[in-house]
Amino acid sequence: QVQLVESGGGSVQPGGSLRLSCSASGFSLFYGSVGWFRLAPGKEREAVSCSSNSDDRQYYADSVKGRFTVSRDNSGNTVYLQMNNLRPEDTAVYYCALRNSPRMPERLWDRMGEYSYWGQGTQVTVSS
């Protein structure tokens, strides 16, 4: 049984940083692509980033480019999302999601339907 667990969320002031973790069990992330999505009140779920393992590519939404970095520790079966210079508009529940293929084509990374497994989410609140 595949399970994803996010952690690392919290409350920070604008300009602050957080690092989210997505730990997997029941599946080796070495063979998967992992995406990060977020859901803010009143908005649709938004793709934030993705780590494609086999070609070592990372994808980012325009709204987070230059501020967020996705990385992975395959030996620890964990993917991270480092979030710097956080803004109030980054406030949301953040979810990680797994596609059981080590390569994620660029044209697909932001599509929710490409991911088969989802975590329960972790809240990120950016406020002064």
Do [X] and [Y] have side-chain atoms, one donor and one acceptor, less than 3.5 Å apart?
{"X": "Ser51", "Y": "Arg72", "value": "yes"}
{"X": "Tyr115", "Y": "Arg99", "value": "no"}
{"X": "Asp73", "Y": "Thr78", "value": "no"}

Do you know which two heavy atoms are closest between [X] and [Y], and how far apart they sit?
{"X": "Pro14", "Y": "Ser128", "value": "CD-N, 3.7 Å"}
{"X": "Arg67", "Y": "Leu86", "value": "NH1-CA, 3.9 Å"}
{"X": "Cys50", "Y": "Ser33", "value": "SG-CB, 4.5 Å"}
{"X": "Leu39", "Y": "Arg45", "value": "CD1-N, 3.5 Å"}
{"X": "Ser52", "Y": "Tyr59", "value": "CB-CE1, 4.3 Å"}
{"X": "Ser25", "Y": "Asn77", "value": "N-ND2, 4.4 Å"}

Quick one: does Thr91's side chain have a donor or acceptor within less than 3.5 Å of a partner on Val126's backbone?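 It does hold such a pair.
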Quick one: do Glu6 and Tyr94 satisfy side-chain contact (heavy atoms from CB on, under 4.5 Å)? Show the steps, please. CA-CA 8 Å; Glu6 302 96 337; Tyr94 283 71; over 6 Å; no
[atom1] of [X] to [atom2] of [Y]: how many Å apart, nearest 0.5 Å?
{"X": "Tyr31", "Y": "Asn100", "atom1": "OH", "atom2": "CG", "result": "13.0 Å"}
{"X": "Ser17", "Y": "Gln82", "atom1": "OG", "atom2": "CD", "result": "5.5 Å"}
{"X": "Leu81", "Y": "Gln58", "atom1": "CG", "atom2": "CD", "result": "11.5 Å"}
{"X": "Asn53", "Y": "Asn74", "atom1": "CG", "atom2": "CG", "result": "4.5 Å"}
{"X": "Ser116", "Y": "Leu98", "atom1": "OG", "atom2": "CG", "result": "7.0 Å"}
{"X": "Glu89", "Y": "Lys43", "atom1": "CD", "atom2": "NZ", "result": "7.5 Å"}

Option from Thr69, Val79, Val70, Asp110 for which side chain to side chain contact (heavy atoms under 4.5 Å, CB included) with Ser49 holds: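 Going through the options one by one, the only one that passes is Val70.
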ILVMFWY cluster, [X] and [Y] together (side-chain gap under 4.5 Å):
{"X": "Phe68", "Y": "Val124", "result": "yes"}
{"X": "Tyr60", "Y": "Leu18", "result": "yes"}
{"X": "Val48", "Y": "Val12", "result": "yes"}
{"X": "Phe30", "Y": "Tyr117", "result": "yes"}
{"X": "Val34", "Y": "Met112", "result": "no"}

Met104/Arg57 under side-chain contact (heavy atoms from CB on, under 4.5 Å): CA gap, chis, key distance, verdict: CA-CA 8 Å; Met104 174 66 84; Arg57 295 193 67 177; over 6 Å; no
Could you tell me if the side chain of Glu46 sits less than 4.5 Å from the side chain of Ser63, heavy atoms only?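 Yes - at least one pair of side-chain heavy atoms lies under 4.5 Å apart.
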Arg38 NZ/CZ over Tyr95 ring centroid, <6.0 Å and within 45° of normal: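 Pair Arg38/Tyr95 does not count as cation-pi.
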Can Arg87 and Asp90 be said to form a salt bridge (Lys or Arg N to Asp or Glu O under 4.0 Å), step by step? CA-CA 5 Å; Arg87 305 167 179 170; Asp90 295 318; 5.4 Å; no
Residue pair Phe37, Trp118: steps toward the ring pair (Phe, Tyr, Trp, His ring centres under 6.0 Å) verdict: CA-CA 10 Å; Phe37 291 76; Trp118 293 78; 4.9 Å; yes
